[in-house]
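Notes follow the structure.
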Amino acid sequence: MNEQKAANPAVLGLLGYGVSTVLLSLANSGLYAVDGMVLIMGVFFGGIAQTIVAVMAFRLGDTFGVTAFGGYSFLWLSFAFLNIGAINGWWTVSSVAIGWYLLLWMVFTIGLVFASAVAPRMLTIILALTAVLLGSLGIGALTGNAAISLFGGIEGVITGALAIYLAFAFLINEMYAKAVLPVGAPLRA
């Protein structure tokens, strides 16, 4: 019986995370406003696509993939809907509440950093940078310090770009059946 090889859903998940993160981080860097374009990208590529990836990871028995992509899918969906509701006057969202929201997502991410120590090193680096991103944006929102938020925006562009790199490294390495783009050895064996 010929068993078909399962696809690696992490490629799509990392692209959804990376592209959405770069787009939002460019807005956080002050290049444009967080508007409909950013929020729709967050709903569809950051949210729904990563939810599908989490379901695919579940089918593969990948608990880390379910947790990471499932968690971040709901980060994107909740972030988008928080902003959509605030823009339309359905509810208010204070900067203090956003600050704590982001800091709790930072805690979630720190857990993923430790769990990812046995994964390719680039993934651990991306998650560590994501924790810094969420922490700086959270502290910036709590304190009203625009410089910290700007740092988070710039750092987020780098984080998202690295996620895009890792996605294409996984894809290209699989397509060529060899390590064309490095992803780094795990920090722990």
Side-chain angles (χ1 to χ4, degrees), residues 3-25 28 34 37-85 98 100-135 137-138 152 156-175 181 183-184 186-188:
E3 205 170 305
Q4 187 175 5
K5 178 181 169 284
N8 181 359
V11 173
L12 178 62
L14 284 164
L15 285 170
Y17 172 79
V19 171
S20 298
T21 299
V22 168
L23 197 61
L24 176 59
S25 295
N28 288 335
V34 176
M37 181 256 317
V38 174
L39 298 174
I40 292 301
M41 177 67 85
V43 168
F44 286 95
F45 207 23
I48 295 172
Q50 286 193 88
T51 301
I52 293 167
V53 168
V55 170
M56 293 171 69
F58 176 84
R59 301 237 352 167
L60 295 173
D62 178 3
T63 304
F64 181 86
V66 171
T67 305
F69 294 118
Y72 288 131
S73 74
F74 292 111
L75 180 154
W76 280 106
L77 290 169
S78 63
F79 174 80
F81 284 105
L82 279 170
N83 280 280
I84 291 167
I98 289 291
W100 285 110
Y101 166 88
L102 293 168
L103 289 176
L104 286 171
W105 280 109
M106 178 193 74
V107 171
F108 171 84
T109 302
I110 290 169
L112 293 177
V113 170
F114 286 106
S116 72
V118 295
R121 185 170 301 181
M122 181 60 67
L123 178 61
T124 306
I125 291 168
I126 291 164
L127 289 167
L129 290 173
T130 299
V132 172
L133 164 64
L134 293 165
L137 292 175
V157 172
I158 295 165
T159 302
L162 288 174
I164 293 167
Y165 167 84
L166 183 58
F168 283 116
F170 284 159
L171 178 63
I172 290 167
N173 292 349
E174 180 181 318
M175 295 300 293
L181 296 174
V183 298
L187 293 172
R188 296 189 54 125

Pairwise distance OG(S116) to CG(L123) - rounded to 0.5 angstrom: 5.0 Å
Does any N or O in the side chain of S20 come within less than 3.5 Å of the main-chain N or O of G42, such that one atom is a donor and the other an acceptor? no
Under the side-chain contact (heavy atoms from CB on, under 4.5 Å) rule, what do L133 and T21 come out as? Steps first, then yes or no, please. CA-CA 10 Å; L133 164 64; T21 299; 4.0 Å; yes
Quick one: side chains of residues 72-80, donor-acceptor pairs under 3.5 Å with protein atoms, not counting sequence neighbours, listed by atom name and distance.
| from | atom 1 | to | atom 2 | distance (Å) |
| --- | --- | --- | --- | --- |
| Y72 | OH | T109 | OG1 | 2.6 |
| S73 | OG | T51 | OG1 | 3.0 |
| S73 | OG | F69 | O | 3.4 |
| S73 | OG | G70 | O | 2.7 |
| S78 | OG | F74 | O | 2.7 |
| S78 | OG | L75 | O | 3.1 |
| S78 | OG | Y101 | OH | 2.7 |

Which value, rounded to the nearest 0.5 Å, describes the distance between L24 atom CG and L137 atom CG? 7.5 Å
Using side-chain heavy atoms (C-beta onward) and a distance below 4.5 Å, is L15 in contact with F168? yes
Test item: N8 side-chain N/O and L171 main-chain N/O as donor-acceptor pair under 3.5 Å: no
Can you name the nearest heavy-atom pair linking V22 to A161, along with the distance? CG2-N, 3.5 Å
Shortest non-hydrogen separation from V53 to A10 and the atoms involved: CG1-N, 4.5 Å
Pair T159-T130, side-chain donor/acceptor within less than 3.5 Å: no
Just distance, no hydrogens or angles: give the donor-acceptor pairs under 3.5 Å from side chains in residues 60-67, sequence neighbours left out.
| from | atom 1 | to | atom 2 | distance (Å) |
| --- | --- | --- | --- | --- |
| D62 | OD1 | F64 | N | 3.3 |
| D62 | OD1 | G65 | N | 2.8 |
| T67 | OG1 | T63 | O | 2.8 |

Closest non-hydrogen atoms of V34 and N28, given as atom of the first, atom of the second and distance, are CG2-OD1, 4.3 Å
Nearest heavy atoms of R121 and P186, plus distance in Å: NH2-O, 3.7 Å
Scanning both residues in full, the closest heavy-atom pair of G16 with Q50 reads C-NE2, 4.2 Å
How long is the span from the OH atom in Y17 to the CG atom in L162, to the nearest 0.5 Å? 10.0 Å
Heavy atoms only: give me the nearest A167-V11 pair and the separation to one decimal. CB-O, 3.5 Å
Quick one: CG on L102 to CZ on F108, what's the gap to the nearest 0.5 Å? 14.0 Å
Quick one: CD1 on I40 to CG on L23, what's the gap to the nearest 0.5 Å? 11.5 Å
Under 3.5 Å donor-acceptor, E174 side chain and F170 backbone: no
More than 12 foreign heavy atoms under 6.0 Å from OH of Y165: is that the case here? yes
So how far is it from I126 CD1 to T124 OG1, rounded to the nearest 0.5 Å? 9.0 Å
